[in-house]
Amino acid sequence: MIDLRLVREDPDAVRASQRLRGEPESAVDDLLAADERRRLAVQAFEALRAEQKVLGRQVPAAAGDERAALLAKTKDLAAEVRRTEGVVAARDADLRAAQLALPNVVAAGVPAGGEDDYVVLREVGTPPDIADPRDHLELGERLGAIDIERGAKVSGSRFYFLRGVGAQLQLAMFQLAVAQAVERGFVPMITPALVKPASMEGTGFLGAHAAEVYRLEADDLYLVGTSEVPLAAYHGDEILDLSAPVRYAGWSSCFRREAGSYGRDTRGIIRVHQFDKVEMFSYCRPEDAAAEHAALLAMEEEMLAKVELPYRVIDVAAGDLGSSAARKYDCEAWVPSQGRYREVTSTSNCTTFQARRLGVRYRDAEGRTQVAATLNGTLATTRWLVAILENHQQPDGAVRVPAALRPYLGGRELLEPVAG
RNA sequence: GGAGACUUCGCCUAGUCUGGUCUAUGGCGCCGCACUGCUAAUGCGGUUGGGGUUAACCGCCCCUCCCGGGUUCGAAUCCCGGAGUCUCCGCCA
């Protein structure tokens with residue numbers, strides 16, 4: 001939810017942001033108009049209400065004709081108060097709708113344009129030179145690590161079983177991620193995967209992402225697509241001490257309907273309905289948000305270095321940001337079987353946009369309450385297994401274990417194909 | 001699944017039966033000031049959050065007693081619905 005004050009005071013900045021995103025500038029003017037209409041309604045209501053209270057207080061003291069006249073007057077006034085109150089409620093709803101229609105203002109420096117207009121900030125590491133690379137599914141099946149067929153049998157397409165060393169490899173990677181997070185002062189969290197509509201709504205996932213979300217009709221609950229949802233809602237309607245950023249690392253399963261992605265990434269576990277993820281989430285003061293964003297990106301790059309993956313970092317273009325983000329950096333790991341980079345992490349600076357709707361605040365130096373900033377970033381997900389298996393594959397189909405993961409795999413240096 | 005109790009401005013709490021100076025009591029904590037050689041103690045004052053008005057402040061006004069409706073000139077208080085917490089019973093892992 002955008003800051004109304006900013007829209008009032010600097011509408012041109014918001015219009016410029018809309019242009020960068022390729023979205024209509026008229027949304028800004030709609031919001032300004034709705035704001036004006038609401039304030040007029042509020043003033044009308046409050047004037048009547050104040051009068052009603054003054055007269056109401058005179059009733060107990062009055063008697064006889066005076067009292068009767070007073071009651072007649074206040075009765076009329078009560079009806080009028082009720083009517084204007086209804087107008088305020090309607091104007092409030094209009095204002096909120098107009099406010100929700102506006103995405104976050106993009107940060108300075110974000111590239112204009114859409115999905116393909118990202119800017120590559122850097123490439124790190126060198127893609128391995130592998131002749132005829134096997135893809136992750138073939139490798140995973142040979143290792144007895146991934147079972148797609150039975151995933152489909154049991155649950156349908158885009159489901160899978162991680163088994164044997166596959167399950168162990170994921171656990172190893174997540175433990176490495178959690179260990180790194182704890183070392184840096186993140187509080188590890190295992191979060192609910194089911195949340196109430198208010199939590200889903202508050203984090204903005206029922207807007208453009210609504211079709212992506214699983215809903216449990218009978219219980220009016222949603223399956224989260226990322227632990228960003230419970231971690232953001234965690235401090236909803238609270239006033240935090242943000243003298244230093246408050247940091248969490250949430251481990252949860254994530255569920256996505258993948259509606260509209262038919263035919264894309266149908267092979268293997270690149271795009272699935274359920275996966276696991278360790279997600280970083282920070283609450284901080286708005287003035288600290290850019291630095292925090294850089295810190296989250298550094299955390300991601302450190303993890304990628306530990307699992308020894310070649311990757312590049314892209315600055316995502318305005319049109320591809322998502323409504324809450326002011327800026328987003330993705331890390332994309334090299335996938336040998338595809339000969340290209342694929343997204344494995346994503347870190348967003350949501351500034352105050354998400355926290356405003358969730359009611360997450362802090363006290364500034366003057367003791368006033370201010371809206372906090374929130375940021376999130378990926379520290380490890382199931383999809384990383386794709387890049388790990390493929391980049392570390394050996395000619396015989398074995399897979400070398402990156403050194404950092406070995407302690408979590410009983411010291412194993414090599415995962416070898418199993419018979420059958 | 002069933003029954004009951006509860007939810008008040010950071011925490012605890014009075015007020016709810018019997019609607020109106022509740023413009024919400026008191027304690028704790030916190031902040032400021034005074035006193036004191038320091039600490040402590042004591043005294044005085046302040047301390048929910050949101051919104052409107054304002055260039056901003058001061059001030060004034062509105063809303064806020066879990067949430068949403070209703071009754072009434074007037075609701076923390078009465079009525080209806082909902083959420084949450086706790087206790088007990090049942091069922092199940």
Side-chain angles (χ1 to χ4, degrees), chain A residues 1-13 31-100 191-202 215-222 230 233-243 246 283 285-286 352-372:
Chain A
M1 193 157 65
I2 199 164
D3 184 3
L4 260 184
R5 188 160 306 168
L6 174 70
V7 180
R8 283 179 198 153
E9 290 173 1
D10 196 0
D12 285 338
L31 179 56
L32 284 171
D35 179 42
E36 180 64 25
R37 279 196 300 270
R38 187 195 77 104
R39 274 185 294 167
L40 287 173
V42 164
Q43 284 165 37
F45 163 74
E46 289 188 351
L48 285 170
R49 181 72 174 142
E51 188 183 353
Q52 181 188 32
K53 289 177 75 167
V54 169
L55 292 181
R57 272 196 292 271
Q58 296 170 8
V59 170
D65 289 349
E66 193 189 346
R67 185 185 172 91
L70 208 49
L71 284 181
K73 200 170 173 186
T74 50
K75 191 159 190 168
D76 289 346
L77 198 53
E80 192 64 3
V81 165
R82 195 164 311 195
R83 192 185 64 76
T84 53
E85 195 172 18
V87 173
V88 170
R91 296 285 181 271
D92 264 332
D94 291 348
L95 176 62
R96 188 171 174 81
Q99 205 172 0
L100 293 179
T191 65
L194 285 167
V195 299
K196 299 196 281 190
S199 303
M200 205 50 132
E201 213 158 69
R215 169 151 186 251
L216 280 78
E217 181 99 35
D219 300 284
D220 201 17
L221 290 170
Y222 291 93
Y234 187 67
H235 285 304
D237 294 319
E238 293 182 18
I239 297 175
L240 305 177
D241 175 6
L242 291 183
S243 47
V246 172
Y283 297 90
R285 297 179 186 137
T352 59
F353 190 86
Q354 191 175 54
R356 183 167 294 106
R357 180 150 38 157
L358 287 164
V360 182
R361 292 161 299 166
Y362 69 100
R363 283 191 200 284
D364 64 16
E366 284 77 45
R368 306 175 71 104
T369 55
Q370 302 283 355
V371 178

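Just so we're on the same page: letters track the sequence lines, and every chain starts at 1. Heavy atoms only: backbone and side chains are in, while hydrogens, waters and symmetry mates are out.
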Item to complete: Using a cut-off of strictly less than 4.0 Å, decide whether A:Arg5 has a side-chain nitrogen or oxygen near OP1 or OP2 of B:G52.
Response: no
Worksheet item: Are A:Gln43 and B:C62 close enough that a side-chain N or O sits under 4.0 Å from OP1 or OP2?
Response: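 It does not, given that no N or O in the side chain of A:Gln43 lies less than 4.0 Å from OP1 or OP2 of B:C62.
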My understanding is that a pair needs two contacts under 3.5 Å, Watson-Crick or G-U wobble. By that rule, which nucleotide pairs with [N]?
N     : result
B:C66 : B:G82
B:A14 : none
B:A34 : B:U42
B:G29 : B:U47
B:U54 : none
B:C92 : none
B:U87 : B:A3

Discussion item. Mind checking if A:Arg356 touches a base, just sugar-phosphate, or nothing, with heavy atoms under 4.0 Å?
Written reply: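 Answer is nothing: A:Arg356 stays at 4.0 Å or more from every strand.
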Can you check the [X] [atom1] to [N] [atom2] distance for me, whole Å?
X        : N     : atom1 : atom2 : value
A:Leu95  : B:G50 : CG    : P     : 17 Å
A:Asp92  : B:G52 : CG    : C1'   : 12 Å
A:Tyr362 : B:G49 : OH    : P     : 15 Å
A:Glu85  : B:G52 : CD    : C1'   : 15 Å
A:Gln58  : B:U23 : CD    : P     : 15 Å

Worksheet item: Where along nucleotides 63-82 of chain B does protein come under 4.0 Å, by heavy atom, of base (B) or sugar-phosphate alone (S), with - for untouched nucleotides?
Response: S-------SBBS--------
May I ask you to say whether [X] pairs ionically with [Y], meaning some side-chain N is under 4.0 Å from a carboxylate O?
X       : Y       : answer
A:Arg8  : A:Asp35 : yes
A:Glu85 : A:Arg82 : no
A:Asp92 : A:Arg96 : no

Worksheet item: On a whole-Å scale, what distance lies between the P atoms belonging to B:G10 and B:C66?
Response: 12 Å
Worksheet entry | Partners meeting side-chain contact (heavy atoms from CB on, under 4.5 Å) with A:Thr84 (sequence neighbours left out) | A:Phe45, A:Leu48
Worksheet item: Taking RNA chain B as the partner, which of residues 33-40 of chain A come within under 4.0 angstrom of it by heavy atom?
Response: A:Arg38, A:Arg39
